[in-house]
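Some notes on the structure that comes next.
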Protein chains: 2
Amino acid sequence: MKQMTSRQSEILEYLRRFIGREGYWPSIRDVQEHFGFRSTNAVMGHLRALERKGCVSRIPGQARTFRLLNDDGLPAGTIETETIPVYGSIAAGYPDRVESSGEVGRLLVDIHTANIRRGGKTFALKVTGDSMIGAGIQSGDMVVVHPGIPRDGDIVAALIDGETTLKRYVHPRGGTPYLKAENPSYPELYPTTELLIQGIGRAVIRNL
Amino acid sequence: MKQMTSRQSEILEYLRRFIGREGYWPSIRDVQEHFGFRSTNAVMGHLRALERKGCVSRIPGQARTFRLLNDDGLPAGTIETETIPVYGSIAAGYPDRVESSGEVGRLLVDIHTANIRRGGKTFALKVTGDSMIGAGIQSGDMVVVHPGIPRDGDIVAALIDGETTLKRYVHPRGGTPYLKAENPSYPELYPTTELLIQGIGRAVIRNL
DNA sequence: GTTATTAGTGCTCATTTGTTCAAAGATTGC
DNA sequence: GCAATCTTTGAACAAATGAGCACTAATAAC
């Protein structure tokens, strides 16, 4: 992004605050009035400059149609976030994202914090039991889970006998994969009928 | 929120998607065109209904000025979030929120997930060491910390000898408070000169 | 049947709003 | 000093846009 004059930053900042506060964009005359200009053209000049410098984009001729752009020229103001449904337990198959059956809440986090990619069918589970205590996952913790193919050592949400459990996925070279609890008092789980991995654990969130 | 007809939900959903996709609100005629109405008044009718039912609010006579409301009648679409600075370590006193000295990143989470209140001087610490391993807090975890007065049993970020440590705060009835690690190989820490509590741990976030 | 609600058409109108032309003062760099 | 850019004024215009009136049709409620 090119160098901006102080006046131009002021205008940009006003736009940012306005949309944040009101939820819609200001009109040219809203900007004019706020800065005390006696002509709308003062605003126009600055907007042209901001557009030229790639900070803002607009739809010509249409009212209150701004877009804030960042350095890459992509729509900004939006740290990439995801709204993730939280399930207490999952019965079978992938949980339907729209359906709220068993959904006990939602969490909104940015994708870096949750360690996920966008647009996936990410979901979260509320952990019960102490089988993963050795990995620092306690009862009541929330685990963010992303569908995918697990690798040896990943913590996964797996479906065994119609119920979801959180375990470590172990896949020895040349052997068959199994599940391992991180607690000496729990046995290893070898797949009897099938081993359905619902997702790979990406993050743990705990409220203290 | 009162009962909505299916058509009204369609309109509402279109508004939601439009602002999410384009970043600005549609005009009445944008809505008209999308639904194939032959009159703008069809849209007006639905908008009046949505306003009456408290789903949407608008500024009369002004272009593209919507506000989505949720059940309480408060502006929606905005789950309350906080952008929290992450520090690797904190030297002394409260970290300056604006200053990025020692700031190693930021995380954006909704206030329920992070278990915090709005507007506070919340910050996060990247944990090093294994002194809290017994409480399920490992090296590399992020701990969200909120300033306040700790109670017995809280996990706190405390300043001891010019360095910040994460420990459990113990305050026996009638005694002096001290800090306790959740790891048998660490000793209890009794305040020698002073015990400055920088904040109370509210949440733990770990990337797997 | 009557009444109320929802869903629409068709048209007109007034205002909001973006845009343009012409011009001038201030500031900076050469 | 002079050119270039930034900043602002002032007036006028045309398109975009919300809003109102009259009327029709379907559906459900009483």
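Keep in mind the model is a prediction, meaning the values are calculated, not measured. Order of the sequence lines sets the chain letters (A, B, ...), proteins ahead of strands, with each chain counted from 1.
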With a cut-off of under 6.0 Å to the ring centre and 45° to the axis, is B:R64 in cation-pi contact with B:F66?
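Ring-cation test returns no.
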
Does a side-chain N or O from B:R29 land closer than 4.0 Å to OP1 or OP2 of D:dA16, or not?
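For B:R29, the contact criterion (side-chain N or O under 4.0 Å from OP1 or OP2 of D:dA16) is not met.
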
Using only atom types and a distance under 3.5 Å, with no angle test, would you say the side chain of [X] pairs donor to acceptor with the backbone of [Y]?
| X | Y | result |
| --- | --- | --- |
| A:N115 | A:R202 | yes |
| A:W25 | A:R67 | no |
| A:D110 | B:L108 | yes |

Which pair of heavy atoms, one from B:K126 and one from B:V86, lies closest together, and at what distance?
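That closest heavy-atom pairing would be N-CG1, 4.4 Å.
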
In residues 30-51 of chain A, which residues come under 4.0 Å of DNA chain C by heavy atom?
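By residue number: A:T40, A:N41, A:M44.
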
What nucleotide, of D:dA19, D:dT17, D:dT8, holds the atom closest to the side chain of A:R7?
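Looking only at side-chain atoms, A:R7 lies closest to D:dT8.
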
With the side chain counted from C-beta on, respond yes when A:I133 and A:Q138 share a heavy-atom pair under 4.5 Å apart, and no when they do not.
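Yes; the side chains approach each other to less than 4.5 Å.
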
Please round to the nearest 0.5 Å and tell me the distance separating atom CD1 of B:I84 and atom OG1 of A:T113.
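B:I84 atom CD1 to A:T113 atom OG1 measures 8.5 Å (nearest 0.5 Å).
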
Set out, in order, the CA-CA distance, both residues' side-chain angles and the distance that settles ring pair (Phe, Tyr, Trp, His ring centres under 6.0 Å) for B:Y24 and B:F18, then state yes or no.
CA-CA 7 Å; B:Y24 50 82; B:F18 193 102; 5.8 Å; yes

Using chain A heavy atoms and a threshold of under 4.0 Å, write down where along DNA chain C the contacts begin and end, 5' to 3'.
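Nucleotide range with atoms under 4.0 Å of chain A: C:dT17 to C:dA22.
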
